[in-house]
**Q** 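Before we start, here is the structure in question, set down as structure tokens.
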Amino acid sequence: MSGVILWLPGETALAPLVEKSILKKRSSQAILSQDQGEVLSNSVPLSHVYIEADTPQAWKDALQEIRAAGICGLDLETTGLDPLSSRARLCQLSLPSGRVYVADLWELGREGASPLQDLGQLSERSDIKKVGHNLKFDLSFIQASQNRRLKMSNLFDTMLASQVCWAGYDSLQRADKATKNFWKTKTPEQSLKALAERHLGISLSKEFQASNWGADTLSPEQKVYAAKDVKVLLPLHEILMELLQKNKLEHIAELEFTALPSVIEMELTGLPLDTQACRSLMEQKKTQAQVLLQKLQAEAQKAGFEARRKKGTKYSPLLNPASSQDVLVFLQAQGYDISSTGEAALKELAFNGCSWAGDLLQYRKTSKQANDFLEKWLLKLSPIDNRLHGQYFQLSTRAGRFSSREPNIQQVPKRGEEGLAIRRLFRAPPGKKLVKADLSGIELRIMARLSQDKTMIEAFQAGQDLHKLTASKISGLPIEQITKAQRQGAKAVNFLLIYGGQPELLQKRAKETYGVDMSLEEAKEAHRKFFQTYPEVAAFHEKQRTLKRLPKNHYLHNYEKGFYSRQAVTTQTISGRKRIWGQREYGYTLASINQLYNSPSQGTGADLLKAIMGEVYSSLPDEVKMIGSVHDELILEAPEALAQDMASLLLGIMRRVGSELLSPVPVDAEVEVLDSWGG
DNA sequence: AACAATGGCGCG
DNA sequence: ACCGCGCCATTGTT
């Protein structure tokens, strides 16, 4: 086993294998204010813990002190989690001196102050750094209270900073219960509580987190809790700044902080959904699904299907098409030789005349569309503005892409006529247009830049179609004679092979996706020709493979050790984002080589989109909103009169920022002004 | 009842 | 041994 032994988190059985090198022990306490210990003991007068800033004058004084300091910790307590339907109640501000101000925003409001306006202005000041944990939350409430776009600047999010430093890190943990997999991989916790413990040795109680923040008067205990939270932010900021610096990740953290306001805007604005059309399409699809279900079950019954008796469920003699076991048992009993009921296998059966398999596929698609998408969206629609507010997470993925949830905006159907019809439900409101921009073929451009492949770079510089070029090189035909089908085939070749796909997979995919029968020999030949045409891509792969044997120092920090380093295999994006590869299973299996090929590319795409989002956000007029982002695509909602201008703006920024990052590879984009997401 | 694993499928 | 996600229902386990 040539793998490199990475560290494990402290206490596992394998810990002795780990070399511990403590570079520099730094007492976190030195950065904490003197009375931190007393604060935690709860035995000192409240005025030593926090200062109330509930009068307009006291509030003003607090803001003045912050201006003088040039930095503050910022935290809000709110009546709920949704910035559209809940309200901010308490604002906590901390200073480098350790002083904490706690302000009851409602009380201040009654006395004629406008603290949320003040906070809005604070968020925009480039000369005052705002430090918070998951600032998306707090800033969403502040932004939601304003009637203009806040051009927030000089932000430092301790959660994002920490996530940047730990990206990709997996620790092995024993499962707490007896499960099949004894070892479980776990990503480190990134809550404020976890960070305070890890880096400062402070344990924060979360007892009051969900207490009644809408009460007539807030209790001293609630305020103490709130004050303790905000007090750890600046000490954490110090440590994370240094950690970012040691790992040369300041730039990536800055990229995340700059993208943050646009994420807030996307979540707050949400997507416009045509509710009526959505409901009727849902009903139509539900009916369709119901008809198909009965047909499937009736035919199965007629053909002699007998349900197994299952533990824990009510017995039904009917086949459940959502049960892959039921389906597999039935189809095998019918004499079909299959081992999976996935789409590829069922398509094959349907093609060979099994209409039941075709119906099942249709049923799965229709019921998924009706239940998982259309119905879910209607249930998720905000009663405040009747729009769909998915959440975005900047760093929940290993390579640095966004993830999205509740609902996942990144998996809205688009393929095929049915998918398109679903996207058309996202309609711009009257007088508005959607402006959509896609980075064109960005993965291959990134690969051209990563590998510095001469042929690829020249092709892009000449504005050539790389899929056609690949098709031409494989077939030996001149580019002008390449058919659409050949181009599609070459597209599969390009995407599969740059990430390490083997000829066997190529053969399989050609069949599945295009119905092209490719012999293994032909697939091998295409594989050979591809790397012959783009030799630097092969060299890039080779270079990535060697990374496994070239671990580098990566710095971490905790309260006990201070800053310390570990030998870690890391991969990097063009912007310098790092991903740490921890071993996954017993035996120290590292990343698969294909992951090492893919990660810098995928991560660079994320870097680029985030850079573009920051840039676009800072250039948008107030009436135009950023409403969506899907890996290589951005969506704006704009008044009709501004739509064309916004299209040019997007195109210009995407080309400029992209071409700068990928230089000498040019970046291009496709922009459209639309009435709906589906065109 | 709650949790874990799996298969399946939507997107890039 | 092609990468990255989130979400659902089923099925088995505690």
**Q** How long is the line joining CD of Gln411(A) and P of dG8(B), in whole Å?
**A**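 Gln411(A) atom CD is separated from dG8(B) atom P by 18 Å.
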**Q** Within the structure, does a side-chain N or O atom of Ser601(A) lie under 4.0 Å from either OP1 or OP2 of dC3(C)?
**A**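 So the side chain of Ser601(A) is outside the cut-off, no N or O lying under 4.0 Å from OP1 or OP2 of dC3(C).
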**Q** Under 4.0 Å between any heavy atoms, over every strand shown, what does Glu633(A) touch: base, sugar-phosphate, or nothing? Just pick one.
**A**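 The answer is nothing, as Glu633(A) stays clear of every strand by at least 4.0 Å.
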**Q** Given dC2(C), dG10(B), dC5(C), which nucleotide is nearest the side-chain atoms of Leu505(A)?
**A**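 Nearest listed nucleotide: dC2(C).
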**Q** Report the nucleotide, chosen from dG6(C), dG8(B), dT10(C), that has the shortest atom-to-atom distance to any side-chain atom of Arg405(A).
**A**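 The nucleotide sitting nearest to the side chain is dG6(C).
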**Q** Ignoring hydrogens and angles, answer whether the base of dG12(B) and the side-chain atoms of Arg401(A) contain a donor-acceptor pair closer than 3.5 Å.
**A**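 Yes.
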**Q** Picking from dT11(C), dC3(C), dG8(B), which would you name as closest to the side chain of Gln595(A)?
**A**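 Among the listed nucleotides, the one closest to the side chain of Gln595(A) is dC3(C).
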**Q** What nucleic acid atoms does Gln369(A) come within less than 4.0 Å of, heavy atoms only: base, sugar-phosphate, or nothing?
**A**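 Here Gln369(A) touches no strand at all.
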**Q** Does Arg415(A) place a side-chain N or O at less than 4.0 Å from the phosphate oxygens OP1/OP2 of dC11(B)?
**A**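 Looking at the OP1 and OP2 atoms of dC11(B), one of them is under 4.0 Å from a side-chain N or O of Arg415(A).
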**Q** Can you tell me if the side-chain N/O atoms of Arg509(A) get under 4.0 Å from OP1 or OP2 in dC2(C)?
**A**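 Negative; the distance criterion is not met.
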**Q** Taking only side-chain nitrogens and oxygens of Thr341(A), does any of them come within less than 4.0 Å of OP1 or OP2 of dG7(B)?
**A**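 For Thr341(A), the contact criterion (side-chain N or O under 4.0 Å from OP1 or OP2 of dG7(B)) is not met.
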**Q** Return the value, rounded to whole Å, for the distance between atom CD of Gln394(A) and atom P of dC5(C).
**A**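 Those two atoms, CD and P, are 16 Å apart.
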**Q** On the nucleotide dC3(C), are OP1 or OP2 found under 4.0 Å from the side-chain N or O atoms that Ser592(A) carries?
**A**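 So the side chain of Ser592(A) is within the cut-off, an N or O lying under 4.0 Å from OP1 or OP2 of dC3(C).
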**Q** Tell me the interatomic distance from Leu319(A), atom CG, to dT10(C), atom P, rounded to whole angstroms.
**A**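 To the nearest whole Å, that distance equals 12 Å.
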**Q** Hey, does Gln325(A) reach any base, or is it just sugar-phosphate, or nothing, if we go heavy atoms under 4.0 Å?
**A**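 Gln325(A): backbone/sugar contact only, no base atoms under 4.0 Å.
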**Q** Quick one: sort the Tyr169(A) and Trp166(A) rings into parallel, tilted or perpendicular, breaks at 30° and 60°.
**A**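 Answer is perpendicular, since the angle exceeds 60°.
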**Q** Using whole Å, report how far CG of Asn408(A) lies from C1' of dG10(B).
**A**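 It is 8 Å, rounded to the nearest whole Å.
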**Q** Counting heavy atoms from C-beta on, name the nucleotide in dG7(B), dC8(C), dC9(B) closest to the side chain of Lys376(A).
**A**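 So the nucleotide nearest the side chain must be dC8(C).
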**Q** Gln410(A) has an atom CD; how far is it from atom C1' of dC3(C), in whole Å?
**A**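 In whole Å, dC3(C) C1' lies 15 Å from Gln410(A) CD.
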**Q** What does Gln502(A) touch in the nucleic acid at a heavy-atom separation under 4.0 angstrom: a base, only the sugar-phosphate, or nothing?
**A**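 Since only primed, P, OP1 and OP2 atoms lie under 4.0 Å of Gln502(A), the category is sugar-phosphate.
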**Q** Side chain of Leu361(A) only, please: which of dC3(C), dC11(B), dC9(B) is the nearest?
**A**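 In terms of side-chain proximity for Leu361(A), the closest of dC3(C), dC11(B), dC9(B) is dC9(B).
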**Q** Do Leu160(A) and Gln163(A) pass the side-chain contact (heavy atoms from CB on, under 4.5 Å) test, and can you show the C-alpha distance, the side-chain angles, and the key distance before you say yes or no?
**A** CA-CA 5 Å; Leu160(A) 295 176; Gln163(A) 285 170 326; 3.6 Å; yes
**Q** State whether Thr397(A) places a side-chain N or O below 4.0 Å from either non-bridging phosphate oxygen (OP1 or OP2) of dC3(C).
**A**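 Thr397(A) to dC3(C) OP1/OP2: no side-chain N or O under 4.0 Å.
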**Q** Can any side-chain N or O of Ser171(A) pair as donor or acceptor with the backbone N or O of Lys186(A) at less than 3.5 Å?
**A**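 Such a contact is found between Ser171(A) side chain and Lys186(A) backbone.
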**Q** Within less than 4.0 Å of OP1 or OP2 of dT6(B), is there a side-chain N or O belonging to Ser324(A)?
**A**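 It does not, given that no N or O in the side chain of Ser324(A) lies less than 4.0 Å from OP1 or OP2 of dT6(B).
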**Q** How close or far is atom P of dC3(C) from atom CD1 of Ile446(A), stated in whole angstroms?
**A**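 After rounding, the reported distance stands at 18 Å.
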**Q** Of the nucleotides dT11(C), dC2(C), dC11(B), which has the atom closest to the Asn594(A) side chain?
**A**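 Minimum distance to the Asn594(A) side chain belongs to dC2(C).
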**Q** Of all the choices, dG8(B), dC5(C), dG4(C), which nucleotide is nearest to the side chain of Ser403(A) once you look at every atom?
**A**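 Selected nucleotide: dC5(C).
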**Q** Test your reading of the model: is there a side-chain donor-acceptor pair from Arg655(A) to the backbone of Ala669(A), 3.5 Å cut-off?
**A**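 No: the side chain of Arg655(A) does not pair with the backbone of Ala669(A).
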**Q** Decide if the gap between the ring center of Phe531(A) and the ring center of His541(A) is smaller than 6.0 angstrom.
**A**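 Centroid separation for Phe531(A) and His541(A): below 6.0 Å.
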**Q** Quick one: is dG12(B) close enough that its OP1 or OP2 comes under 4.0 Å of any side-chain N or O from Lys414(A)?
**A**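 Result: yes.
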**Q** Quick one: His527(A) NE2 to dC2(C) P, roughly how many Å, whole number?
**A**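 Spelled out: NE2 on His527(A) to P on dC2(C) is 10 Å.
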**Q** Can you tell me if the side-chain N/O atoms of Asn320(A) get under 4.0 Å from OP1 or OP2 in dT10(C)?
**A**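 For dT10(C), OP1/OP2 do have a side-chain N/O of Asn320(A) under 4.0 Å.
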**Q** Using the ring centroid of each side chain, check whether Tyr534(A) and Phe530(A) are separated by less than 6.0 Å.
**A**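 Centroid distance Tyr534(A)-Phe530(A): below 6.0 Å, so yes.
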**Q** Using whole Å, report how far CD1 of Ile409(A) lies from C1' of dC5(C).
**A**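 To the nearest whole Å, that distance equals 14 Å.
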**Q** Regarding Ser599(A), tell me which of base, sugar-phosphate or nothing describes its non-hydrogen contacts under 4.0 Å with the strands shown.
**A**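 If one applies the 4.0 Å heavy-atom cut-off, Ser599(A) turns out to touch nothing in the nucleic acid.
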**Q** Once you apply a heavy-atom cut-off of 4.0 Å, does Ala322(A) come out as touching a base, just sugar-phosphate, or nothing?
**A**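 Since only primed, P, OP1 and OP2 atoms lie under 4.0 Å of Ala322(A), the category is sugar-phosphate.
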**Q** Of the nucleotides dG8(B), dG10(B), dC3(C), which has the atom closest to the Gln602(A) side chain?
**A**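 Comparing dG8(B), dG10(B), dC3(C) against the side chain of Gln602(A), the answer is dC3(C).
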**Q** Any idea which of dG7(B), dG4(C), dT10(C) is nearest the Arg579(A) side chain?
**A**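 For the Arg579(A) side chain, the nearest candidate turns out to be dG4(C).
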**Q** Please check if the distance between the ring centroids of Trp356(A) and Phe305(A) is under 6.0 Å.
**A**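 No, the ring of Trp356(A) stays outside the 6.0 Å limit from the ring of Phe305(A), centre to centre.
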**Q** Measure from the side chain of Asn598(A), starting at C-beta and using heavy atoms only, and say which of dG10(B), dT10(C), dG4(C) lies closest.
**A**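 That would be dG4(C).
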**Q** Out of the candidates Thr570(A), Thr397(A), Thr571(A), only one should pair with Arg579(A) under the side chain to side chain contact (heavy atoms under 4.5 Å, CB included) rule; please name it.
**A**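 Single side chain to side chain contact (heavy atoms under 4.5 Å, CB included) partner of Arg579(A) among Thr570(A), Thr397(A), Thr571(A): Thr571(A).
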